[in-house]
Q: 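Can you keep this structure in mind? I'll have questions shortly.
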Amino acid sequence: MEAEIASIFDRQNDNGGSFWSREDGDIHAPNAHSTIDTLGVLGELGVTVDQYPDLLKAIDFVFGYQTSGGSFKYSKTSSKLPCITARILAAFGRLGAAKDKRTEKSYQQLLESQWSDGGWRCNTVKLGKSPRTDASNPGTTLYVLDAFRFRNNNAKEAGQLNKGADFLLQHWEIRSPLGPCDFGMGSRFFKIEFPFLRYNLFYYVYVLSFYEKAREDNRFLEAYQALLEKTKNGGIIPENPHRAWKKFDFAKKGQVSKQATKRWEELEMNVKK
């Protein structure tokens, strides 16, 4: 594992910019090898800023993309998208940097931008096209709930997050694509993926397991059971690894992933609370 972590750090200038960014400053591209994705993956592997203090420089670099309102851009010309803000906060949380005071206005911005259906969506597509398109994005909502599990939320905020969890649980029933980005629950959704980068069954159940209100819901229990049936002797086996990471031991298709199994064990502990 140390060798794989070292190889990830070794390629931090491969995209032409600093800390896995592109030469033009984009921290969202290339897909899965970007700054945002790589920091999230390192966090999934158990890397923290306490162990690797140099990561604080990477975090400071990303904070350079934070706007005065709290949201994050991914380049100088990009829109301010809630999925980007949430994924950055989730990555910081995994790396042990969630208590950085600069994150608070980003969390507040997300709380203020929740939609009436309980979820989160971006404004890239205007309202009024169809009920399906006008809905929040399940994937974006999952990223937001992932980010907030690293924060101490008060009762009011917990209520808001429970609405977000309920929106995701409703999607378990609907299954069809929702939101401007068409997040659905088709065959690919039900294939186990690791690391947590895309909307899929393992990521879905894992994040919801941190929300007590969700854990008590029969829809969550159905999703949990669907995931449980895919485990082998208590281990998690990736079925659809992202092509950017498929050569790494922690993401190899058809092979038990020790790191993914650690996340499964956390999930199990949450369910048993």
Side-chain angles (χ1 to χ4, degrees), residues 1-8 31-33 37-48 51 87 90-91 93-95 138-139 141-143 145-146 149-150 165 168-169 171-177 183-273:
M1 177 54 62
E2 288 300 321
E4 291 191 307
I5 292 172
S7 73
I8 295 172
N31 189 17
H33 280 305
D37 288 332
T38 302
L39 290 178
V41 169
L42 286 171
E44 286 297 345
L45 301 182
V47 171
T48 67
Q51 299 168 306
R87 292 184 65 203
R94 292 188 182 101
L95 294 169
T141 303
L142 183 65
Y143 298 144
L145 294 182
D146 189 9
R149 68 188 178 87
F150 295 103
L168 285 182
L169 292 169
H171 197 216
W172 180 256
E173 299 174 289
I174 297 168
R175 302 288 173 96
S176 61
F183 286 97
M185 286 186 176
S187 59
R188 191 171 72 175
F189 173 87
F190 286 93
K191 291 182 179 179
I192 291 178
E193 293 190 19
F194 188 82
F196 294 142
L197 292 169
R198 300 180 291 200
Y199 191 59
N200 73 95
L201 178 65
F202 186 22
Y203 192 12
Y204 176 90
V205 178
Y206 176 78
V207 170
L208 286 175
S209 76
F210 285 88
Y211 291 87
E212 182 180 359
K213 195 75 172 179
R215 294 196 303 269
E216 298 171 347
D217 195 292
N218 285 334
R219 294 167 295 184
F220 169 81
L221 296 176
E222 289 176 8
Y224 165 76
Q225 185 62 38
L227 180 60
L228 176 63
E229 291 173 0
K230 287 178 170 285
T231 62
K232 184 177 182 180
N233 298 323
I236 289 287
I237 302 174
E239 298 174 302
N240 186 37
H242 196 289
R243 64 181 182 274
W245 300 98
K246 65 182 182 180
K247 293 182 180 180
F248 288 80
D249 286 343
F250 56 79
K252 282 186 178 177
K253 183 176 180 179
Q255 178 176 300
V256 173
S257 167
K258 291 182 180 179
Q259 287 66 43
T261 299
K262 287 181 180 178
R263 295 291 173 255
W264 168 252
E265 290 169 353
E266 288 178 30
L267 192 165
E268 287 274 69
M269 290 178 64
N270 289 340
V271 170
K272 293 174 181 177
K273 286 181 179 178

Q: Restricting to side chain to side chain contact (heavy atoms under 4.5 Å, CB included), what partner residues turn up for Ala165, sequence neighbours left out?
A: Leu145, Leu208, Ala214

Q: Kindly write out the residues that satisfy ring-ring contact (aromatic ring centres under 6.0 Å, His included) with His33, not counting sequence neighbours, or none if the list is empty.
A: Trp245

Q: Does Ile236 reach the side chain of Val256, with side-chain heavy atoms less than 4.5 Å apart?
A: no

Q: Do the side chains of Ile237 and Gln255 get nearer than 4.5 Å, heavy atoms only?
A: no

Q: Could you walk me through whether Leu168 and Val207 pass the side chain to side chain contact (heavy atoms under 4.5 Å, CB included) check?
A: CA-CA 11 Å; Leu168 285 182; Val207 170; 5.9 Å; no

Q: Any salt bridge (Lys or Arg N to Asp or Glu O under 4.0 Å) pairs touching residues 197-214, not counting sequence neighbours?
A: Glu193-Arg198

Q: Does anything in residues 223-240 form a salt bridge (Lys or Arg N to Asp or Glu O under 4.0 Å)? List the pairs, not counting sequence neighbours.
A: Lys230-Glu239

Q: How many angstroms lie between atom CG of Leu42 and atom CG of Leu95, to the nearest 0.5 angstrom?
A: 6.5 Å

Q: Taking only residues two or more places apart in sequence or in another chain, which ones pass ring-ring contact (aromatic ring centres under 6.0 Å, His included) with Tyr199?
A: His171, Phe183, Phe189

Q: I'd like to check the side chain to side chain donor-acceptor pair (under 3.5 Å) partners of Glu216; sequence neighbours left out, ordered by chain and number.
A: none

Q: Tyr204 versus Leu169: any side-chain heavy-atom pair under 4.5 Å?
A: yes

Q: I'd like to check Leu228 versus Val205 (side-chain heavy atoms, cut-off strictly below 4.5 Å). Are they in contact?
A: no

Q: Side chain to side chain donor-acceptor pair (under 3.5 Å) with Asp146: which residues, sequence neighbours excluded?
A: Arg94, Arg149, Tyr203

Q: Enumerate the residue pairs fulfilling salt bridge (Lys or Arg N to Asp or Glu O under 4.0 Å) with a member in residues 246-256, sequence neighbours excluded, ordered by first and then second residue.
A: Asp249-Lys252

Q: How long is the straight-line distance from CD1 of Ile174 back to CE of Met185, given to the nearest 0.5 Å?
A: 9.0 Å

Q: Which residues satisfy the side chain to side chain donor-acceptor pair (under 3.5 Å) test with Glu222, sequence neighbours excluded?
A: Trp172

Q: With sequence neighbours left out, what residues match Lys258 under side chain to side chain contact (heavy atoms under 4.5 Å, CB included)?
A: none

Q: Start with the C-alpha distance between Val47 and Ile8, add both sets of side-chain angles, then the distance that settles side chain to side chain contact (heavy atoms under 4.5 Å, CB included), and finish with yes or no.
A: CA-CA 11 Å; Val47 171; Ile8 295 172; over 6 Å; no

Q: Got a sec, which residues hit side chain to side chain donor-acceptor pair (under 3.5 Å) with Ser176, two or more places apart in sequence or on another chain?
A: none

Q: When the side chains of residues 262-270 are checked against the rest of the protein, which donor-acceptor pairs come out under 3.5 Å, sequence neighbours left out?
A:
residue: Arg263; atom: NE; partner: Glu44; partner atom: OE1; Å: 2.6
residue: Arg263; atom: NH1; partner: Glu266; partner atom: OE2; Å: 2.5
residue: Arg263; atom: NH2; partner: Glu44; partner atom: O; Å: 3.1
residue: Glu266; atom: OE1; partner: Tyr206; partner atom: OH; Å: 2.5
residue: Glu268; atom: OE1; partner: Tyr224; partner atom: OH; Å: 2.4
residue: Asn270; atom: OD1; partner: Lys273; partner atom: NZ; Å: 3.3
residue: Asn270; atom: ND2; partner: Ser209; partner atom: OG; Å: 3.0

